[in-house]
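Each residue takes its place number in the sequence, starting with 1.
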Amino acid sequence: MTEQKATNITWHDGDVTRADRNKLLGQKGATIWFTGLSGSGKSTVAVALEQALFARNKLVYRLDGDNVRHGINKNLGFSAEDRAENIRRIGEIAKLFVDAGVIALSSFVSPYRADRDLVRAMHADSDMDFIEVHVDVPLAVAEERDPKGLYKKARAGEIPNFTGISDPYEAPESPELVLKSHEMSLEEEVDAVIALLQQRGILPA
């Protein structure tokens with residue numbers, strides 16, 4: 001876990017609680033964490049789910065791997081250490097959204113199990129819902145899709161530390177949901193996530 005460097009600091013609670021914010025919004029905040037190979041369909045599902053939840057009048061926000069590297073994580077590369085810090089920061093951001101009563105959709109390759117488990121533990125320590133969704137496709141399928149042309153570059157040695165080629169992907173051992181995007185329609189994937197959110201009490205049945 002990241003070392004605490006700041007000293008002489010004290011947590012300051014406010015008078016408005018998470019329960020108050022949930023009541024105001026008429027929903028319960030939660031983090032839905034999509035993990036999988038590049039090209040597996042994580043962002044595609046997250047975008048469609050965001051639309052579906054918004055249509056249900058739910059306040060939802062999508063955190064995308066490439067997007068955050070344009071801003072808060074622009075100083076991080078793709079070494080194992082930088083990947084760990086990337087995921088830790090996103091975990092903290094997702095927690096802020098959940099505390100505000102928002103449903104956070106996080107779509108990140110997040111290849112290392114320990115990094116994802118850390119984010120899960122961070123949520124559990126704050127009594128927050130964390131739902132891990134493995135968007136699971138064979139490497140051959142992801143590489144055939146190659147929507148950004150990254151696999152081609154990685155095979156040519158132009159991209160180091162590329163997950164699935166020169167870096168490992170550690171699949172979740174016990175995710176709350178597995179989506180096989182090469183065998184399911186996008187509508188089926190969205191429906192599966194919504195059904196799980198209803199089972200967990202995050203959305204009304």
Side-chain angles (χ1 to χ4, degrees), residues 1-36 42 45-46 49-50 53 58-65 67-69 71-73 75-76 79-135 163 168-179 193-204:
M1 184 173 292
T2 301
E3 177 187 357
Q4 176 73 55
K5 291 186 177 181
T7 58
N8 301 311
I9 59 174
T10 303
W11 185 269
H12 191 180
D13 284 318
D15 292 330
V16 178
T17 67
R18 187 189 314 159
D20 292 331
R21 289 186 282 268
N22 287 345
K23 183 177 180 181
L24 175 68
L25 295 173
Q27 66 180 57
K28 184 180 180 183
T31 293
I32 319 302
W33 192 278
F34 295 95
T35 177
K42 302 179 299 300
V45 177
L49 179 61
E50 183 181 36
L53 293 177
K58 300 303 175 185
L59 189 56
V60 56
Y61 193 84
R62 185 173 50 85
L63 298 166
D64 183 80
N67 291 359
V68 299
R69 285 182 177 275
I72 193 169
N73 288 347
N75 64 322
L76 299 176
S79 67
E81 294 77 12
D82 279 4
R83 284 181 183 273
E85 175 61 12
N86 181 58
I87 297 308
R88 186 196 69 80
R89 291 183 193 178
I90 297 309
E92 294 287 3
I93 292 170
K95 281 183 59 185
L96 292 175
F97 276 102
V98 175
D99 196 43
V102 179
I103 298 172
L105 307 181
S106 301
S107 52
F108 297 83
V109 173
S110 45
Y112 303 123
R113 195 173 296 123
D115 296 340
R116 299 191 305 267
D117 288 347
L118 173 63
V119 177
R120 179 185 291 276
M122 287 162 49
H123 281 69
D125 288 345
S126 297
D127 193 28
M128 294 178 173
D129 283 288
F130 177 84
I131 296 175
E132 187 175 35
V133 179
H134 183 197
V135 185
T163 301
Y169 177 78
E170 299 172 358
E173 293 180 333
S174 301
E176 278 72 20
L177 183 65
V178 176
L179 300 176
V193 179
I194 288 177
L196 178 59
L197 296 182
Q198 291 172 333
Q199 293 172 13
R200 295 285 293 261
I202 296 166
L203 294 180

- Item | Candidate pair Thr35 and Val133, rule side chain to side chain contact (heavy atoms under 4.5 Å, CB included), full reasoning | CA-CA 6 Å; Thr35 177; Val133 179; over 6 Å; no
- Show the numbers, then the answer: is there a side chain to side chain contact (heavy atoms under 4.5 Å, CB included) between Asp115 and Arg88? CA-CA 7 Å; Asp115 296 340; Arg88 186 196 69 80; over 6 Å; no
- Item | Test log, rule salt bridge (Lys or Arg N to Asp or Glu O under 4.0 Å), inputs Arg89 and Glu92 | CA-CA 5 Å; Arg89 291 183 193 178; Glu92 294 287 3; over 6 Å; no
- Message: Thr31 vs Lys95, test: side-chain hydrogen bond (donor to acceptor under 3.5 Å, both in side chains). Steps then yes/no.
- Response: CA-CA 8 Å; Thr31 293; Lys95 281 183 59 185; over 6 Å; no
- Task: Starting from the C-alpha separation in whole Å, work towards a yes-or-no answer on side chain to side chain contact (heavy atoms under 4.5 Å, CB included) for Leu177 and Ile131.
- Result: CA-CA 8 Å; Leu177 183 65; Ile131 296 175; 5.5 Å; no
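Residues Ile93 and Leu63 have side chains in contact (heavy-atom distance under 4.5 Å, counting atoms from C-beta outward). No side-chain heavy atom of Phe108 sits less than 4.5 Å from a side-chain heavy atom of Asp64. With a 4.5 Å cut-off on side-chain heavy atoms, Leu203 and Ile194 count as touching. Residues His134 and Glu176 have side chains not in contact (no heavy-atom distance under 4.5 Å, counting atoms from C-beta outward). By the 4.5 Å heavy-atom criterion applied to side chains, Glu50 and Ile103 are not counted as neighbours. The shortest side-chain heavy-atom distance between Met128 and Arg18 falls under the 4.5 Å cut-off. Put simply, the side chain of Arg113 does not reach to within 4.5 Å of the side chain of Pro172, judged on heavy atoms. Two residues are said to be in side-chain contact when any heavy atoms from C-beta on lie closer than 4.5 Å; Leu49 and Phe34 meet this criterion.
Taking both residues in full, the closest heavy atoms of Val98 and His123 are given as CG2-NE2, 4.4 Å, listed atom of the first, atom of the second, then distance. Residues Leu179 and Val45 share a closest heavy-atom pair of CD1-CG1, 4.1 Å. For Gly29 against Asn22, the heavy-atom pair with the smallest separation is N-OD1, 3.6 Å.
Here Asp82 contributes atom CG and Leu76 contributes atom CG; the two are 5.0 Å apart, rounded to the nearest 0.5 Å. Atoms CG and CG, from Asp99 and Asp127 in turn, are 11.0 Å apart once rounded to the nearest 0.5 Å. In this structure, CD1 on Ile32 lies 4.5 Å from CG on Leu197, to the nearest 0.5 angstrom. Atoms CD1 and CZ, from Ile72 and Arg69 in turn, are 12.5 Å apart once rounded to the nearest 0.5 Å.
In terms of modelled atom types and a separation under 3.5 Å, the side chain of Asp20 and the main chain of Thr17 share a donor-acceptor contact. Using a distance-only test at 3.5 Å, with no hydrogens or angles considered, no donor-acceptor pair links the side chain of Arg62 to the main chain of Ala46. Distance alone, capped at 3.5 Å, places no donor-acceptor pair between the Arg83 side chain and the Ser110 backbone. Glu132 contributes no side-chain N or O that, together with a main-chain N or O of Trp33, makes up a donor-acceptor pair within less than 3.5 Å.
Evaluation of the ring-ring contact (aromatic ring centres under 6.0 Å, His included) test over residues 84-103, restricted to residues two or more places apart or in two chains, returns Tyr61-Phe97.
Listed by chain and number, the residues in a side-chain hydrogen bond (donor to acceptor under 3.5 Å, both in side chains) with Lys28 are Asp129 (sequence neighbours excluded).
More than 12 heavy atoms of other residues, nucleotides or ligands shown are found within 6.0 angstrom of CG on Asn75.
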